[in-house]
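To start, the structure under review is shown below, and the notes come after it.
Here is how names work: the chains are called A, B, and so on, in the same order as the sequence lines, proteins then strands, and each is numbered from 1. Quick caveat: nothing in here was measured; it's all calculated off a predicted structure.
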Number of protein chains: 2
Amino acid sequence: MLNNLDEVFGALSDASRRAMVERLVRGPASVSQLAEPFAMSLPGVVQHLAVLEAAGIVSSHKTGRVRTVQLVPGGLGPATAWIGRQRLPAEARLDRLSVHLSPPEDLS
Amino acid sequence: MLNNLDEVFGALSDASRRAMVERLVRGPASVSQLAEPFAMSLPGVVQHLAVLEAAGIVSSHKTGRVRTVQLVPGGLGPATAWIGRQRLPAEARLDRLSVHLSPPEDLS
DNA sequence: GCAATACTTAAGCACATGCTTAACAATCTG
DNA sequence: CAGATTGTTAAGCATGTGCTTAAGTATTGC
C-alpha cells in the first residue's frame, strides 16, 4: 500500500503552499491568480502547486491556456486521520464521546 | 507572533519521526528505546527527536544518563487546528461538531 | 497574422535535510 | 576504580528543496 503521508505533511510544511490551500478553500483559481499574492516567479508557484498535486491535496485541469486549480475533497484526510490516531490515552475519552454524538443535522 | 506550523508539519513529514510519535503515544521512552526499532545510528535518532522537540510535539528531560522523551499534550494542536480551518464549505457542518471536542480538558 | 497572455521547460544555485562515522562526556555497576 | 552503558558533539557527505532566470509553447484577441 502506498503511503502518502510524507507528501501530504511535507506539502503543508511550507507557508506559501498553505496560503495557496487557504486561497483554494474559497474556490478554484488559475495559476496566475494563485501567484498574485506572492513575490515569487511563476515557475516557483507552479513548483509549489506540483507538490500539492503530488500529495493529492489539489487537482488541476487545463482549459485553453488557463490551468485551473482546485482542492481535492478529502485531500487532507490522510493527515487528519493520522493525527487523530495519535491522541494520548488521557484524551481518548473525547474520542469515545464523539462516537455517541448524533450525526450532523440538517442545518438549512 | 511566531508561527510553528512549518516546524510541526515538517516534523510529521518523515516516517521515522511519525513512528516515534506513535511509539510515544503508548508512554514515555528513553532515547535508546526509541532508537531500537530503527536501522539507524543513535545520533540519527537524536536528530529526529530534536526536530520533534523544536516543533513542540515532544519534550524530554534527562535523569542520570537516561533521557526520557514524552509527547507534549496538545503538541499536535496547531496542525489539527490549521487543517480544521481548511475544510471546504461543503464540509462545514463537521466544524461545528469539532468545536465541542477540541480543547484538551482536565481529565483527572 | 501578430502580439499579448498564460503558462511550461530547463538549467542552475544556495541552503536544508537525513543520514553517517569518530571521538568525547557523563553516569552507573561490580 | 574499571568497564560498560547512555547519550552528545562534531564533521562530512549525498540528496532534496525552494527559489531564480532564460527561453520556449500553446492560446486568445485584435
Review point. To the nearest angstrom, how far is B:Leu49 atom CG from D:dT6 atom C1'?
Key: 14 Å
Practice item. Please report, rounded to the nearest Å, how far the P atom of D:dT5 is from the CD atom of B:Gln33. Key: 15 Å
Check your understanding: Looking only at heavy atoms, what is the nearest atom pair of B:Val58 and B:Val72, with distance?
Key -> C-CG2, 3.5 Å
**Study point:** Partners passing side chain to side chain contact (heavy atoms under 4.5 Å, CB included) against A:Pro37 (at least two apart in sequence or in another chain)
**Key:** none
Exercise for review: Flag yes if B:Met20 and B:Val46 sit in one hydrophobic cluster, no otherwise; membership is Ile, Leu, Val, Met, Phe, Trp, Tyr, and two members link when side-chain heavy atoms are under 4.5 Å apart.
Suggested key: yes
Review point. Considering all heavy atoms of both residues, which atom of A:Ala55 and which atom of A:Val8 are nearest to each other, and what is their separation?
Key: O-CG2, 3.4 Å
Practice item. Return the 5'-most residue of the pair A:Gly10, B:Ser30 with respect to DNA chain D, ranking by each residue's nearest nucleotide. Key: B:Ser30
Point to revise | Whole angstrom value for the distance that separates C1' of C:dA16 from CZ of B:Arg17 | key: 12 Å
Exercise for review: Let me know the distance between NE2 of A:His48 and C1' of D:dG16, rounded to the nearest Å.
Suggested key: 14 Å
Point to revise | Set of residues satisfying side chain to side chain donor-acceptor pair (under 3.5 Å) with respect to B:Arg67, sequence neighbours excluded | key: B:Ser60
Exercise for review: Name every residue in residues 34-47 of chain B that has at least one heavy atom under 4.0 Å from any atom of DNA chain C, in order of residue number, or write none if there are no such residues.
Suggested key: B:Ala39, B:Met40, B:Ser41, B:Pro43, B:Gly44, B:Gln47
Exercise for review: Return the residues of residues 52-67 of chain A meeting this criterion: a heavy atom under 4.0 Å from some atom of DNA chain C. Order them by number, or give none.
Suggested key: A:Lys62, A:Arg65, A:Val66, A:Arg67
Exercise for review: Answer yes or no: is there a side-chain heavy-atom contact under 4.5 Å between A:Leu34 and A:Leu24?
Suggested key: yes
**Study point:** Qualifying residues under side chain to side chain contact (heavy atoms under 4.5 Å, CB included), relative to A:Ser16, sequence neighbours excluded
**Key:** A:Asp14, A:Phe38, A:Met40, A:His48
Review point. Which residues pass the side chain to side chain contact (heavy atoms under 4.5 Å, CB included) test with A:Arg85, sequence neighbours left out?
Key: A:Ala81, A:Trp82
